[in-house]
Amino acid sequence: LSLHDALPIWWTAVSGSGNLSLEGGSFSYNSGSTYTPTGKTLRDFDGDGLYTLVDEVTVTFDLDGGTPAINNQVIAKSEKATKPTTDPTKENYVFKEWQLNGAAYDFSAEVNDNITLTAKWLEKVDIPTAVGGLVYNGIEKTGVIGGTGYTISSNTATNAGEYTATATLVDGYIWFDGTSDVKSISWSIAKADAASATVTPNNRTYDGTEKPLVNVDDSALDGGKMQYALGTDANTQPESAEYKDTIPTATNAGTYYVWYKVVGDENHKNTEPVAVPVTIAKATVADPIIAAKTYNGEKQVAEVPASDLYTVTANEGGTEAGSYDVVLTLADSANYKWSDSEDATKTLKFSIVPADANTVTVAIEGWTYGDAAKQPTSTATFGADTVTYTYAKAADGEYTATVPTEAGTWYVKASVPATENYQAGEATQGFEIAKRAATVTAKAQTVQAGGAIATGIDQAALTGAVE
């Protein structure tokens, strides 16, 4: 039997006749020799046992690095290739499809030529993630880093805020999780810390004027505006609604607590409130000088300098030398204090000092010996009612209370004793006790003629005192 490759040959396969046997794409003679047609294959197209010698084609599978290997398919021309039942695999790739000349292959199409089907792989790429820790500093930030296999948009910004970047795969890539949809990645730029102005207490002393409670140097202020509020202490923050843009002021003495903070702008955070204690000290009222007075025997009160800062609430004074209370009360004890006390009242001392001179005068008339003694008279600046008189024979002699009786020159001293109110005083004055004139009268006597007249004291009558 001779078959020509170029001619279609029809024959009947006879099993067991020993005349012809069909083995795959070849057949053999009874003699045992085999004829294998080149590029041909036998096909029973109708299943009627009649075979046609037709051209064959080869379908080759190129895995492009994938595994496992897939055998080539040799099929009759115009037949269809069989799609492999198992997709190949490749590390870090996902099998997409079989392609012919760069296009997806349709396994329902007839194969009329030798073809090579190439595995189309999609390279796995990580889904991009947001960059953390971005903080505003005025420079553009990249919130999601781009990479191979995808394009990315909306991933840069400058201002603080919340953003969403979009990552879209390019051809030939797939996300590592096996999806291929557009990914939205949230990212953000945090607000930066605002920088506060420098705030210092305006401590001062009350002067009746309203002034700012703090001094503010805003040279370091950055990222917002300053706000202030008055608090009750250094630990309790005021309510947010109490904060104002203006610096608090005050007039009266006291301790104030000024709280301040920076209200951040769109790119800066608010700062934590800080308290600054401020003191307006009470103004000091100096003790007025109250001059002492000298004892004068009459009731005296202190002469207190007039002032709008205090009132005199007690000033009784007195007569005797000594110390007397003068009570002053501050007119505005909330804003003023005494130099050595926080009390509203102040007790000062008013002194009446003893008189430093006591002028005494004394006068007396002399008398004649034997007459009644005359009484001296005197004057004294102080203590005239306590004067005593003493007498002496000489001005610098020893004085006694005995009133002299003998004729002669005598001295009287008027003395006023010292007391707590005045000093002692004295004065002396000389006077005379005059001698009384004596009259001697002879006694009558009878004398006989030629007799002697009797003489001697006994013969005279004496009128008057004889010293």
Side-chain angles (χ1 to χ4, degrees), residues 63-67 87-97 99 102 104 118-199 216-229 237-241 243-245 259-275:
L63 276 65
D64 188 22
T67 59
D87 292 335
T89 60
K90 184 178 180 179
E91 187 176 4
N92 294 326
Y93 288 83
V94 172
F95 176 78
K96 180 181 180 183
E97 62 190 7
Q99 291 187 348
T118 303
K120 174 63 176 177
W121 298 101
L122 298 178
E123 184 177 352
K124 291 181 179 180
V125 292
D126 290 324
I127 299 172
T129 58
V131 176
L134 298 179
V135 179
Y136 171 82
N137 64 358
I139 300 173
E140 185 179 72
K141 305 290 184 185
T142 299
V144 181
I145 305 299
T148 301
Y150 57 88
T151 59
I152 193 162
S153 61
S154 301
N155 65 327
T156 61
T158 300
N159 291 330
E162 300 291 330
Y163 299 93
T164 301
T166 300
T168 305
L169 289 168
V170 298
D171 187 40
Y173 293 87
I174 194 169
W175 300 121
F176 222 95
D177 64 359
T179 63
S180 57
D181 56 324
V182 174
K183 300 297 183 183
S184 296
I185 305 99
S186 297
W187 64 282
S188 64
I189 298 176
K191 291 184 177 183
D193 292 331
S196 174
T198 301
V199 180
V216 179
D217 177 3
D218 61 4
S219 59
L221 177 63
D222 181 49
K225 64 179 180 179
M226 297 292 295
Q227 285 193 341
Y228 311 86
Q237 295 185 20
E239 297 295 329
S240 296
Y243 283 86
K244 307 296 180 185
D245 295 345
W259 287 78
Y260 68 90
K261 64 181 179 180
V262 178
V263 178
D265 56 23
E266 65 276 10
N267 290 312
H268 294 82
K269 297 182 292 186
N270 297 347
T271 61
E272 287 297 320
V274 176

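If you read the sequence from its start, that first residue is 1, and numbering goes on from there.
- Looking at residues two or more places apart in sequence or on another chain, you find a side chain to side chain contact (heavy atoms under 4.5 Å, CB included) between Y260 and S196, V199, M226, Y228, V274, V276.
- Once rounded to the nearest 0.5 Å, the distance linking OH of Y243 with CD of Q237 reads 5.5 Å.
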Side-chain polar contacts of residues 136-147 - donor-acceptor pairs under 3.5 angstrom, sequence neighbours left out - could you list them?
from	atom 1	to	atom 2	distance (Å)
N137	OD1	I139	N	3.0
N137	OD1	K141	NZ	3.1

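- K96 contributes atom NZ, which lies 14.0 Å from atom CD of E123 (distance to the nearest 0.5 angstrom).
- Nearest heavy-atom pair, A195 versus A220, reported as atom, atom and distance to 0.1 Å: CB-O, 3.4 Å.
- Judged purely by atom type and a 3.5 angstrom limit, W121 uses its side chain to pair as donor or acceptor with the backbone of L63.
- Closest heavy-atom contact between K269 and K191: CG-CB, 3.5 Å.
- The shortest heavy-atom contact between G149 and V125 is CA-CG1, 4.3 Å.
- The side chain to side chain contact (heavy atoms under 4.5 Å, CB included) check on A130 picks up I185, W187, with sequence neighbours excluded.
- A donor-acceptor contact shorter than 3.5 Å links the side chain of K90 to the backbone of D64.
- Contact detail for A197 and L221: the closest heavy-atom pair is N-CD1, 4.0 Å.
- Nearest heavy-atom pair, K261 versus P273, reported as atom, atom and distance to 0.1 Å: CB-CA, 4.0 Å.
- For E97, the side chain to side chain contact (heavy atoms under 4.5 Å, CB included) partners are Q99, A104, K120, not counting sequence neighbours.
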Handout entry: Chi angles and distances behind the side-chain contact (heavy atoms from CB on, under 4.5 Å) call for D193, T271
Key = CA-CA 7 Å; D193 292 331; T271 61; over 6 Å; no
Listed pairs under 3.5 Å, donor-acceptor, residues 156-171 side chains, sequence neighbours left out:
from	atom 1	to	atom 2	distance (Å)
N159	OD1	N267	ND2	3.2
Y163	OH	N159	O	2.7

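- Smallest separation of non-hydrogen atoms from I174 and S180: CG1-CB, 4.4 Å.
- Note that NZ of K183 is 13.0 Å distant from CD1 of I152, once rounded to the nearest 0.5 Å.
- Judged as a ring pair (Phe, Tyr, Trp, His ring centres under 6.0 Å), the pairs with a partner in residues 165-184 (not counting sequence neighbours) are, in order, Y150-W175.
- Going from atom OG1 of T148 over to atom CG of D126 covers 11.5 Å, rounded to the nearest 0.5 Å.
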